[in-house]
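What follows is one structure encoded as structure tokens, with my remarks underneath.
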Amino acid sequence: MFSLSGYKRKKVLVTGHTGFKGSWMCQALVGAGAEVMGYALEPPTKPALFEILKLAEHMDSCKGDVRDYEKLLGVMKDFRPEFVIHMAAQPIVREICHLRQNSFTFSAR
């Protein structure tokens with residue numbers, strides 16, 4: 001078994017926090033007592049897990065694209081996270097095949 005107690009009272013930035021996995025990550029971090037800031041595009045589905053879990057009531061969010069380096073850097077400078085968890089991704093394989101360059105920049109920058 002693992003513990004998230006090391007995140008208690010720590011500032012954590014989660015990219016892709018509006019996606020399925022990112023929402024669960026934020027739920028766990030909030031439950032562990034972390035101060036969480038999310039950075040992502042609008043939720044990809046309706047309803048979105050982010051909304052179902054009511055995470056907006058327990059954490060801050062910034063809408064943005066991880067490929068927008070200047071905006072992401074500004075959020076990091078303002079929030080000054082102790083941890084960054086990168087969950088932003090293009091999960092749909094069909095779109096990755098058509099947009100290889102864009103999909104690559106989600107993770108490789």
Side-chain angles (χ1 to χ4, degrees):
M1 173 148 316
F2 67 93
S3 170
L4 295 175
S5 62
Y7 289 101
K8 189 172 188 171
R9 292 188 293 277
K10 300 291 184 185
K11 295 176 91 170
V12 184
L13 176 70
V14 179
T15 67
H17 73 290
T18 58
F20 184 76
K21 292 178 184 176
S23 293
W24 282 121
M25 175 60 73
C26 290
Q27 177 78 357
L29 291 166
V30 166
E35 181 182 344
V36 182
M37 164 68 82
Y39 184 89
L41 299 172
E42 289 292 326
T45 60
K46 292 286 182 194
L49 182 62
F50 182 79
E51 295 162 348
I52 293 168
L53 295 174
K54 298 182 175 158
L55 286 168
E57 297 174 12
H58 306 286
M59 60 177 283
D60 292 323
S61 290
C62 180
K63 300 296 184 229
D65 190 318
V66 293
R67 295 169 294 179
D68 184 344
Y69 177 75
E70 294 301 321
K71 184 172 183 178
L72 179 57
L73 183 61
V75 169
M76 292 185 76
K77 284 181 177 178
D78 290 343
F79 184 61
R80 301 182 55 82
E82 296 165 84
F83 297 95
V84 175
I85 300 176
H86 178 50
M87 303 289 288
Q90 174 51 262
I92 302 171
V93 175
R94 185 178 307 117
E95 290 188 25
I96 292 171
C97 293
H98 288 44
L99 303 169
R100 286 187 184 130
Q101 184 61 36
N102 282 342
S103 298
F104 179 74
T105 58
F106 277 110
S107 299
R109 184 134 205 210

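Using a 4.5 Å heavy-atom cutoff, the side chains of Q27 and L55 are in contact. Counting heavy atoms from C-beta outward, W24 and M87 have side chains that stay 4.5 Å or more apart. When side chains are defined from C-beta on, E51 counts as touching K46, because their heavy atoms get closer than 4.5 Å. By the 4.5 Å heavy-atom criterion applied to side chains, C26 and H58 are not counted as neighbours.
Panel note: side chain S61, backbone G38; no donor-acceptor pair is recorded below 3.5 Å. Checking side-chain atoms of H17 against main-chain N and O of Y39 turns up a donor-acceptor pair under 3.5 Å. Between the side chain of K11 and the main chain of M37, no donor-acceptor pair closer than 3.5 Å is present.
Shortest non-hydrogen contact noted between V75 and L13 is CG1-CD1, 4.3 Å. Across L41 and T18, no two heavy atoms sit closer than the pair O-OG1, 2.8 Å.
When each of V12, V36, L29, V14 is checked for a side-chain contact (heavy atoms from CB on, under 4.5 Å) with F83, only V12 meets the rule.
With a 6.0 Å radius and a threshold of 12 heavy atoms from other residues, nucleotides or ligands, K63 has its NZ atom above the threshold.
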